[in-house]
Novice: 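Take a look at this one; I'll ask things after.
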Amino acid sequence: MSSRRKVVVGIVVVVVLAIAATLAVVQGRDRGVEVRLEEVSRRDLVATVTASGHVRARRTVDISADVQGRVVELNVDEGDDVQAGAILLRIDPTQYQAAVARNEGALSQAQARVLEQEANVIRFQRDYDRIVAQRQSLEFGVAQAQAALTEAREFLSKTVIRAPISGKVTRLNIESGETVVIGTMNNPGSLLLTVSDLSVVEAVMEVDETDVSLIAPGDSAVVELDAFPDTRFDGRVTEIGNSAIRPPSSTAAAGQAQAVDFEVVITMTDPPDNIRPDLSATADVIIDTREDVLAVPIISVTVREDEDGGGAPVDDEDETEQRPEGPVARSRLGKPTEGVFVVTEGTVTFAEVEIGITGQEYFEVVAGVEEGDTVVAGPYQRIRNLSDGDAVKAAESDSRGRAEGPQG
């Protein structure tokens with residue numbers, strides 16, 4: 001074979017090999033699993049506990065009647081502001097005025113009889129001892145009459161109901177002309193109205209038992225009220241319940257888990273002027289913050305059963321079915337490995353990571369990856385099915401987004 005022909009054959013071989021290599025690369029790329037990719041970067045993270053509840057005034061007084069009768073004067077409407085001592089309503093005082101008059105007459109009569117007996121003491125010195133005893137007896141009658149009069153006057157004074165605190169009338173349950181009833185041992189009396197001091201407003205939240213231990217008095221919070229959309233209010237945790245709002249019931253059906261919630265009170269620092277009690281509220285309690293820390297998307301973190309992390313993903317349903325009963329048996333189980341899939345030249349490697357706080361969309365990573373590493377960031381089901389060495393490629397939408405520049 002001539003030299004010229006050898007050169008031509010060599011060129012053809014090289015071209016064929018180059019085409020084959022190109023096709024292999026293209027086919028390898030085509031065979032890769034489409035996933036979303038994201039670089040490990042530094043972020044500011046805020047860990048929160050989210051809960052829902054309602055608004056209340058810190059100081060609220062429910063007003064009931066101490067005497068029975070018809071309301072003859074009602075001086076407030078629901079929503080009115082009142083000052084302490086202001087007359088809110090009057091109950092018909094007629095029978096109580098009559099009782100005061102009767103007892104005043106009885107007191108005067110008793111006092112007259114005392115004076116009469118005093119004269120008898122002077123006039124009948126011989127009967128001194130007897131008269132003195134009678135006088136003491138009558139003085140006891142004066143004391144009884146005085147006590148009866150005091151009681152009658154007390155009932156009369158209670159026909160006028162005044163505001164015990166300054167605030168807003170937040171509930172009005174009575175109308176002029178209606179009859180109020182006093183409470184007994186077994187039956188509550190008429191709840192006439194409620195006055196609330198809204199200068200200090202609290203959001204009372206129901207927090208799940210798994211989250212309440214993360215919250216501490218003094219933690220800051222952000223509160224949203226359904227009645228004030230697109231507005232956030234600052235607050236601070238001032239009280240955490242020591243017992244459940246609804247204690248676990250012994251009558252709960254077998255096999256049915258019962259929710260256990262605890263009351264967490266958030267004092268709002270800047271409530272709106274026209275806020276009302278019982279408004280629905282949602283709050284984020286800030287339990288921790290980190291500034292400028294390595295972070296990966298929450299969806300990137302997955303768990304594997306074996307020690308090196310390359311095994312099968314943990315199946316939540318299978319784990320529930322096979323989970324041993326009792327803490328001793330469960331303590332013998334190995335702890336699943338948490339990690340992310342790091343992408344290098346189109347293939348993935350499972351990297352165990354140590355997780356810090358949990359933000360809204362990102363985990364803090366204490367160890368396991370470096371800034372600038374590329375990790376698989378979704379979809380969730382594809383991450384669960386990945387194994388070491390699998391080929392991946394960026395999803396088309398992800399590629400376009402990266403070509404346009406960093407995402408905010």
Side-chain angles (χ1 to χ4, degrees), residues 51-67 71 73-91 154 157-176 178 180-183 188-207 212 215-243 245 261-286:
S52 59
H54 65 277
V55 171
R56 75 178 183 192
R58 172 175 290 179
R59 189 181 182 195
T60 296
V61 179
D62 290 333
I63 300 172
S64 298
D66 293 318
V67 295
V71 175
E73 180 182 325
L74 182 61
N75 298 325
V76 293
D77 287 320
E78 192 165 309
D80 286 354
D81 292 320
V82 294
Q83 295 297 321
I87 296 176
L88 304 178
L89 59 89
R90 293 180 188 270
I91 299 171
E154 177 69 15
S157 68
K158 290 180 177 179
T159 63
V160 177
I161 296 178
R162 300 178 182 274
I165 61 172
S166 298
K168 186 183 292 292
V169 178
T170 53
R171 184 173 287 107
L172 183 61
N173 296 335
I174 197 74
E175 294 291 342
S176 184
E178 293 184 8
V180 300
V181 179
I182 60 175
S190 302
L191 176 60
L192 306 179
L193 52 94
T194 300
V195 177
S196 300
D197 178 7
L198 294 175
S199 61
V200 179
V201 178
E202 297 174 334
V204 185
M205 317 308 296
E206 295 187 8
V207 178
V212 71
I215 301 174
D219 284 348
S220 59
V222 178
V223 181
E224 290 184 345
L225 306 177
D226 292 350
F228 298 87
D230 303 324
T231 305
R232 296 180 178 180
F233 303 97
D234 295 328
R236 195 163 295 278
V237 175
T238 53
E239 185 180 342
I240 301 174
N242 290 313
S243 56
I245 299 172
D261 297 324
F262 289 78
E263 182 177 281
V264 174
V265 179
I266 299 171
T267 298
M268 299 174 63
T269 57
D270 56 345
D273 294 336
N274 55 341
I275 196 170
R276 291 175 171 81
D278 303 327
L279 293 178
S280 298
T282 303
D284 280 339
V285 180
I286 299 173

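For the single chain, residues carry numbers from 1 onward in sequence order. Predicted model only: the values in this text are computed from it and were never measured.
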Novice: Checking side chain to side chain contact (heavy atoms under 4.5 Å, CB included) for the pair N75/E73: CA distance, chi angles, key distance, verdict?
Specialist: CA-CA 6 Å; N75 298 325; E73 180 182 325; 2.9 Å; yes

Novice: Is V195 close to T170 at the side-chain level, that is, under 4.5 Å between some pair of heavy atoms?
Specialist: no

Novice: Roughly how far, to the nearest 0.5 Å, is CD1 of I266 from CG of D284?
Specialist: 9.0 Å

Novice: First locate atom CG of L89, then atom CG of L193, and finally report the distance between them rounded to the nearest 0.5 Å.
Specialist: 6.0 Å

Novice: Measuring from atom CD1 of I87 to atom CG of L74, what distance do you get when rounded to the nearest 0.5 angstrom?
Specialist: 12.5 Å

Novice: With side chain to side chain contact (heavy atoms under 4.5 Å, CB included) as the test, would you mind laying out the steps for I165 and D197 before giving the verdict?
Specialist: CA-CA 7 Å; I165 61 172; D197 178 7; 4.1 Å; yes

Novice: Cut-off 3.5 Å, side chains only: do T194 and D62 have a donor facing an acceptor?
Specialist: yes

Novice: At what distance, to the nearest 0.5 angstrom, does NZ of K168 lie from CD1 of I275?
Specialist: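 It comes to 11.5 Å.
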
Novice: Nearest heavy-atom pair of A163 and Q83: which atoms, and what distance?
Specialist: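 Distance-wise, the nearest heavy atoms are CB-O, 3.3 Å.
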
Novice: At their closest point, which heavy atom of V61 faces which heavy atom of P164, and how far apart are they?
Specialist: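 So the two residues come closest at CG1-CG, 3.7 Å.
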
Novice: Please determine whether side chain to side chain contact (heavy atoms under 4.5 Å, CB included) holds for the pair T282 and V223, giving the CA-CA distance in whole Å, both sets of side-chain angles, and the decisive distance to 0.1 Å.
Specialist: CA-CA 6 Å; T282 303; V223 181; over 6 Å; no

Novice: I'd like to know if the side chain of R56 and the backbone of P277 have a donor-acceptor N/O pair within less than 3.5 Å.
Specialist: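 Between the backbone of P277 and the side chain of R56 there is no qualifying donor-acceptor contact (under 3.5 Å).
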
Novice: Can you tell me how far the CD atom of E263 sits from the CD atom of E202, to the nearest 0.5 Å?
Specialist: 9.0 Å

Novice: Is the closest side-chain heavy-atom distance between L192 and N173 below 4.5 Å?
Specialist: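 No, side chains not in contact.
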
Novice: Is there a side-chain contact between R276 and V55, using heavy atoms and a 4.5 Å cut-off?
Specialist: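 When only atoms from C-beta onward are counted, V55 and R276 do not touch, as no gap falls below 4.5 Å.
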
Novice: Any idea which heavy atoms bring R58 and T267 closest together, and the distance?
Specialist: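 Taking R58 first and T267 second, the nearest heavy atoms are NH2-OG1, 3.0 Å.
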
Novice: Does the side chain to side chain contact (heavy atoms under 4.5 Å, CB included) test come out yes or no for D77 and V169, once each step is laid out?
Specialist: CA-CA 7 Å; D77 287 320; V169 178; over 6 Å; no

Novice: State, with a plain yes or no, whether a side-chain heavy atom of S280 is found less than 4.5 Å away from one of H54.
Specialist: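 S280 does not reach H54 side chain to side chain.
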
Novice: So, the side chain of D234 versus the backbone of T269: is there a donor-acceptor pair under 3.5 Å, distance only?
Specialist: no

Novice: Are there over 12 heavy-atom neighbours, none belonging to D270, within less than 6.0 Å of that residue's CG?
Specialist: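 Check passes, neighbour count above 12.
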
Novice: Would you check if there is a donor-acceptor pair between the side chains of R90 and T159 at a distance under 3.5 Å?
Specialist: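 Per modelled atom types, T159 and R90 side chains form no pair under 3.5 Å.
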
Novice: Can you check whether L172's main-chain N or O pairs, donor with acceptor, with E78's side chain at less than 3.5 Å?
Specialist: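 Confirmed, E78 side chain pairs with L172 backbone.
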
Novice: Please report the interatomic distance CD1(I161) to CD1(I174), rounded to the nearest 0.5 Å.
Specialist: 9.0 Å

Novice: Please tabulate, one pair per line, all N/O donor-acceptor pairs under 3.5 Å involving side-chain atoms of residues 224-233, not counting sequence neighbours.
Specialist:
residue, atom, partner, partner atom, Å
E224, OE2, R232, NE, 3.4
T231, OG1, P229, O, 3.4

Novice: Minimum heavy-atom separation for I240 and V237, please, with both atom names.
Specialist: CG1-CG1, 3.9 Å

Novice: Is any side-chain heavy atom of I245 closer than 4.5 Å to one of E206?
Specialist: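 In contact.
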
Novice: Give the minimum heavy-atom separation between A57 and S196, together with the two atoms involved.
Specialist: CB-CB, 3.8 Å

